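Small disclaimer: the values here were computed from a predicted structure and weren't measured. Whatever order the structure lists them in is the order used to number ligands and atoms, beginning at 1.
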Amino acid sequence: MRIDLHTHSSASDGTDTPGDLVREAAAAGLDVVALTDHDAMSGWAEAREVADEVGITLVPGLEISTRFGHRGVHLLGYLPDPTDPSLALELDRILEGRTARTPAIVAALRAHGIDITEDDVRRESGGSVAAGRPHVADALARLGVVRDRTEAFATLLSPGQPGYVNRYASALEVMIPLVAAAGGVAVVAHPWGRGSRSVLSADTLATLKDLGLAGIEVDHQDHSEADRAELRGIAGELDLVVTGSSDHHGLGKVDHDLGVNTTDPEQYERLLSLAGNPLRG
Ligand code: AMP
Ligand code: FE
Ligand code: FE
Ligand code: ZN
């Protein structure tokens with residue numbers, strides 16, 4: 001049984017449509033795939049339809065932009081009730097922050113002498129409600145300003161660089177209970193990825209568990225073998241669910257092929273047992 005619990009489609013910053021993503025997951029030999037677009041559940045319906053067609057189990061989820069102190073933390077929420085009003089309201093706020101940020105990034109880049117327009121970005125984000133820096137990066141690549149997303153993030157779009165603009169994110173301590181109250185299972189995505197090790201210590205994770213945190217993503221490409229071993233130990237001590245995933249973005253991220261990391265079936269069963277909503281389909 002092969003289980004990949006973190007992937008992105010064109011509903012956020014992945015390059016495959018939700019349907020194509022699910023088709024590729026089945027073709028890659030996965031039995032279970034979670035669709036976890038940034039701040040958006042808009043890919044679920046299409047993904048579910050194709051999952052039924054190709055005979056793979058779809059776990060509907062999302063990866064929510066939160067902040068903990070001054071640092072960004074990504075929170076995976078599995079199987080929340082999409083109609084939960086409190087969760088929907090907070091997600092709307094995040095998406096509004098994304099929508100307002102794109103023109104601000106474009107203006108900052110133009111002030112820096114780069115001839116990019118909002119239309120250029122819109123062409124890349126297409127139907128996504130969760131427009132973001134990856135779409136600006138794609139526009140910059142198409143204009144020949146950078147080679148690819150990696151170079152755009154390395155030179156223009158990260159904090160301290162000419163095209164960086166902050167946006168709204170919910171407090172992690174607010175979002176964890178919100179996801180749990182909506183019947184969802186809250187799992188911190190890549191907790192020690194990209195230099196964030198000091199942000200989420202074992203003590204902090206213990207505190208977050210008291211707020212309703214169910215698990216941590218351990219097997220992720222942003223974690224070294226040593227990080228994974230240590231995080232597994234912390235999860236054991238705190239009785240947190242351990243997940244593994246690809247964080248696939250289609251062509252948007254290299255070394256993140258579907259199934260490159262997977263979740264142990266026992267851990268997956270535990271995760272399902274913690275959801276307030278029965279898994280459908
Ligand atoms: P945003 O949510 O708009 O602030 O953009 C952050 C997203 O950009 C993350 O969720 C990643 O998927 C993506 N990202 C961050 N750094 C890179 C990078 N170096 N190369 C490609 N994608 C990146
Ligand atoms: Fe992303
Ligand atoms: Fe993430
Ligand atoms: Zn992700």
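When the shell of 6.0 Å around CG of L251 is examined, it contains 12 or fewer heavy atoms from other residues, nucleotides or ligands.
Ring geometry for H249 against H256 counts as perpendicular: the plane angle is over 60°, on a 0 to 90° scale with 30° as the lower cut. Relative ring orientation between H74 and H190 is described as perpendicular, the plane-to-plane angle rising above 60° on a 0-90° scale split at 30° and 60°.
Metal site remark for the Fe ion (ligand 3): H6 contributes no N, O or S atom at a distance under 2.8 Å. Taking 2.8 Å as the threshold, H8 counts as a candidate ligand of the Zn ion (ligand 4), since one of its N, O or S atoms lies below it. Among the atoms of H38, none of the N, O or S atoms falls under 2.8 Å from the Fe ion (ligand 3).
We find that E53 and R48 are not joined by a salt bridge, their nearest charged nitrogen and carboxylate oxygen being 4.0 Å or further apart. Between R93 and E90, at least one side-chain N (NZ, or NE/NH1/NH2) sits under 4.0 Å from a carboxylate O, which counts as a salt bridge. Between R270 and E266, none of the side-chain N atoms (NZ, or NE/NH1/NH2) sits under 4.0 Å from a carboxylate O, so this pair counts as no salt bridge.
Numbered from 1 in the order shown, with element, the atoms of ligand 1 that lie under 4.0 Å from a heavy atom of R194 read 15 (C), 16 (N), 17 (C).
In this comparison of H38, R167, R101, the heavy atom closest to atom 3 (O) of ligand 1 sits on R101. The closest non-hydrogen atom to atom 13 (C) of ligand 1, taken over P134, A152, A137, A131, comes from P134.
Summary of contacts: the protein heavy atom closest to atom 22 (N) of ligand 1 is F153 CE1, 3.7 Å.
For the pair H135 and ligand 1, no heavy-atom separation below 4.0 Å is found. A heavy-atom separation below 4.0 Å is not found between H8 and ligand 1.
Of the heavy atoms in E63, none comes closer than 4.0 Å to ligand 1.
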